[in-house]
Amino acid sequence: MAENQQPDKTWAMLFLRLFSVKVVIIIFILFILISLIGVLIAGTTQQESSGVGGGCSATGELNKDVFNQTLEQAGVFKGKGDTFIAIAKKQNIDPALFAAIAMSETGWGKSDAVVSKNNPGGLMDPSTGMSTVQVFATLDEGLEAMGVTLHNRIIVDGLNTIEKLGNIYAPLGADNDPNGLNQNWIPTVTAIAEKFGGLTMNCSNSGSSGGTGQYIIPVKNPLVSSGFSDRINPVTGVHESHKGLDFAQPAGSEILAADDGVVVFSGMGVSGSGYGGYGNVVHLEHGKTKEWTLYGHMLRTNVTVGQVVKKGDVIGFVGSTGQSTGNHLHFEIRKEKMGGQIDPAAVLGLVAAN
């Protein structure tokens, strides 16, 4: 009986050894596969995150695959990649900018103007005294007309950046924009251009708008007239939390950017816009610190939405617009775009008045 069991044990041991080897090999193969997948994902993520900087193409050239893929979700513009590119080349304009403006003007190819009138750029009809939207026989004809218009603005008039074009396409304070929505045109077109692979003309990734992380006092010869504290509002007489510093200054004094940043708002803060009461106001985003600074009650602003500014640049001039009783700069540092104010005195090393 014992003699018959010995071969069985031998076979069992051999089976266990072979099974163990197979398990080790399988685990090793799985480890290699997981590692390769991780490398591929990391590479793809890095490629996606580094593909565009500041709205510019990473290579300076149009990525046709990205461009055409983006148009797949663009309503009537689906499959029109070659048309956009050909017209852009003919008019010597940036195809990514061309497409981005068309998307912005038509709600990604779904507006009534482009669907029923083949008008991709909000072009007005000269035969009606510019009182109605122009109608084109085909979408290609409408795109050709838009290309000519952009050529005239960009090449002839020299409006060769999104910021400069924004002042024409969506001027701040326009009579037909009572809610201040035109302030969104520049950042919206910039973001859409990035989706198309980034700008390939009149664009540079070399400039930094992220900030240095160190703020300067935004006025010369600073005199803090009101601190970050609870107080009685001098205009309304109502108790409030004063969420910034007030610097008393002569009218017209220069207001300086406290750090490198990008202008996210510049103009009159109307009620309901999030800037009501601030008068003429500039709002900067600082990417490095993930903070925002706000400069209120200006006599006038000196920058436009989307503009990149450097620390110390003159962004406006002291005034008394909005809810104000005298010439001063109201300055805020925010942890959130529309809130989260912190005491600037502590950041700037100042002793604030109450």
Side-chain angles (χ1 to χ4, degrees), residues 52 55-57 59-171 182 184-204 306:
V52 176
C56 307
S57 165
T59 63
E61 298 180 357
L62 183 70
N63 186 323
K64 290 186 178 181
D65 291 337
V66 171
F67 190 87
N68 289 323
Q69 185 178 359
T70 303
L71 284 174
E72 288 297 303
Q73 310 299 322
V76 298
F77 296 120
K78 181 178 179 180
K80 290 291 184 179
D82 289 343
T83 303
F84 272 104
I85 293 170
I87 295 173
K89 183 177 181 180
K90 177 181 177 181
Q91 299 298 338
N92 194 26
I93 58 177
D94 191 326
L97 177 58
F98 182 16
I101 293 176
M103 299 308 114
S104 175
E105 294 295 314
T106 64
W108 285 87
K110 298 177 177 66
S111 72
D112 178 68
V114 73
V115 172
S116 62
K117 298 178 175 64
N118 294 312
N119 189 323
L123 303 175
M124 305 307 289
D125 193 344
S127 66
T128 63
M130 300 296 187
S131 62
T132 60
V133 174
Q134 193 167 358
V135 179
F136 296 96
T138 65
L139 181 56
D140 284 8
E141 182 182 328
L143 286 169
E144 286 280 3
M146 183 180 177
V148 172
T149 298
L150 284 175
H151 171 89
N152 291 336
R153 298 290 81 78
I154 296 169
I155 306 302
V156 178
D157 297 340
L159 305 177
N160 56 4
T161 67
I162 292 177
E163 290 78 14
K164 293 177 181 177
L165 284 169
N167 293 327
I168 301 299
Y169 268 88
N182 281 356
N184 299 319
W185 193 89
I186 293 173
T188 297
V189 172
T190 301
I192 296 174
E194 290 183 355
K195 291 182 181 294
F196 280 103
L199 301 177
T200 61
M201 301 171 68
N202 302 307
C203 189
S204 173

Distance (rounded to the nearest 0.5 Å) between R153 CZ and K164 NZ: 14.0 Å
Quick one: CD1 on I154 to CD1 on I162, what's the gap to the nearest 0.5 Å? 9.5 Å
Which residues satisfy the ring-ring contact (aromatic ring centres under 6.0 Å, His included) test with F77, sequence neighbours excluded? F84
Considering all heavy atoms of both residues, which atom of T70 and which atom of K195 are nearest to each other, and what is their separation? OG1-O, 2.9 Å
Which atom of P95 lies closest to which atom of F67, heavy atoms considered: O-CE1, 3.6 Å
Would you say the side-chain atoms of T190 pair up with the backbone N or O of I186, donor to acceptor, closer than 3.5 Å? yes
Side chains of T200 and D94: do they bring a donor and an acceptor to under 3.5 Å? yes
Between A96 and G198, which heavy-atom pair has the shortest distance, and what is it? CB-O, 3.4 Å
Restricting to non-hydrogen atoms, name the atom on E72 and the atom on K78 that form the minimum distance, rounded to 0.1 Å. OE1-CE, 2.9 Å
Taking all heavy atoms of L123 and all of M146, pick out the closest pair and write down the distance. CD1-N, 3.8 Å
Atom pair CZ (F196) and NZ (K64), whose distance is rounded to the nearest 0.5 Å: 15.0 Å
Does E141, at its CD atom, have more than 12 non-hydrogen atoms belonging to other residues, nucleotides or ligands within less than 6.0 Å? yes
May I ask you to test the L165-V189 pair for a side-chain heavy-atom distance under 4.5 Å? no
Heavy atoms of other groups near K110 NZ, more than 12 under 6.0 Å: yes
Side-chain H-bond candidate by donor/acceptor type, T188 with N184, under 3.5 Å: no
So which heavy atom on D140 is nearest to which on I87, and how close? O-CD1, 4.4 Å
